[in-house]
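One structure is given here, and the rest of the page talks about it.
Here the structure is a predicted model, which is why all the values come from computation and not from measurement. First listed ligand is number 1; within each ligand, the first listed atom is number 1.
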Amino acid sequence: MGVLVLNAGYEPLHTVSVAHAIRMLVRDVAVVHETDGTDFGGLFPRPKVVRLVRYVVMKWRYSGPPRWSRRGVLQRDGHQCAYCGRRATTVDHVVPLSRGGERTSWLNTVAACGGTARSCNSRKADRTPAEAGLSLRFAPRVPSWDELHRPAWA
Ligand SMILES: [Zn+2]
């Protein structure tokens with residue numbers, strides 16, 4: 001029989017095994033919300049429903065795309081330059097901001113090598129890839145939540 005896990009705001013999230021629920025209680029991740037009345041000789045009565053101590057934001061995590069970040073772009077592209085495949089530490093705007101490219105769009109940003117005059121980001125500067133004689137090795141895309149984060153409690 002499963003134990004229902006409620007978010008700190010009381011929304012039901014999922015069910016876990018009794019053993020898992022007890023571990024959450026022991027780790028102070030959750031508190032007992034409802035028991036089934038059976039005292040089975042442990043520290044806690046047998047839980048039927050537990051509630052997370054800290055609020056887990058599920059709504060933004062699983063509906064809608066992740067919010068843009070530089071770090072996210074580098075993670076999505078595996079820290080590889082979208083133009084040459086070398087190690088990337090900078091983020092390039094495919095359509096430059098000076099040309100009306102979007103600053104915080106997953107689809108207009110790629111990981112790019114930078115830092116030296118010969119790096120792709122420096123060579124490209126305020127030009128489009130075609131103008132700079134560079135081509136994208138892959139098309140930028142919106143990453144999944146899973147690529148960027150895994151919830152710490154899972
Ligand atoms: Zn490069």
Side-chain angles (χ1 to χ4, degrees), residues 1-33 47 49-154:
M1 192 190 64
V3 177
L4 179 65
V5 179
L6 301 179
N7 208 341
Y10 298 93
E11 318 90 279
L13 296 176
H14 52 225
T15 58
V16 296
S17 66
V18 173
H20 189 133
I22 297 286
R23 281 198 299 274
M24 292 168 79
L25 297 172
V26 170
R27 281 162 47 222
D28 287 327
V29 174
V31 293
V32 176
H33 183 71
V49 183
V50 297
R51 181 164 52 83
L52 294 179
V53 172
R54 257 178 277 163
Y55 193 78
V56 175
V57 183
M58 300 296 284
K59 289 211 169 80
W60 59 257
R61 191 187 288 284
Y62 293 114
S63 70
R67 192 155 126 195
W68 185 90
S69 69
R70 261 169 205 282
R71 193 165 147 256
V73 172
L74 293 172
Q75 263 180 296
R76 179 198 67 186
D77 297 348
H79 294 265
Q80 286 200 331
C81 177
Y83 300 106
C84 73
R86 281 184 296 183
R87 184 164 171 79
T89 52
T90 65
V91 167
D92 175 60
H93 290 90
V94 178
V95 177
L97 302 180
S98 58
R99 304 288 187 83
E102 264 188 86
R103 184 186 288 277
T104 59
S105 158
W106 291 113
L107 302 182
N108 191 42
T109 46
V110 290
C113 61
T116 67
R118 293 181 58 186
S119 63
C120 296
N121 212 338
S122 310
R123 278 174 59 200
K124 184 169 170 294
D126 272 348
R127 296 180 293 179
T128 65
E131 287 168 353
L134 294 166
S135 53
L136 285 169
R137 300 163 73 239
F138 52 85
R141 62 192 169 74
V142 177
S144 68
W145 279 109
D146 206 42
E147 276 175 273
L148 302 185
H149 307 273
R150 276 172 208 285
W153 50 270

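Residue pairs that meet the side-chain hydrogen bond (donor to acceptor under 3.5 Å, both in side chains) test with at least one member in residues 84-101, sequence neighbours left out, are Tyr83-Asp92, Thr90-Asn121, Asp92-Lys124, Arg99-Glu131.
Here the side chains of Thr116 and Ser122 are not in contact, with every heavy-atom distance at 4.5 Å or above.
Taking a cut-off of 2.8 Å, the protein N, O or S atoms nearer than that to the Zn ion (ligand 1) are Cys81 SG, Cys84 SG, Cys113 SG, Cys120 SG.
Here Glu102 contributes atom CD and Leu107 contributes atom CG; the two are 8.5 Å apart, rounded to the nearest 0.5 Å.
Looking at residues two or more places apart in sequence or on another chain, you find no salt bridge (Lys or Arg N to Asp or Glu O under 4.0 Å) involving Arg103. For the side-chain contact (heavy atoms from CB on, under 4.5 Å) test, residues two or more places apart in sequence or in another chain that qualify with His33 are Leu6, Tyr10, Val49, Arg51.
In terms of heavy atoms, Gly114 sits closest to Ser119 at CA-OG, 3.2 Å.
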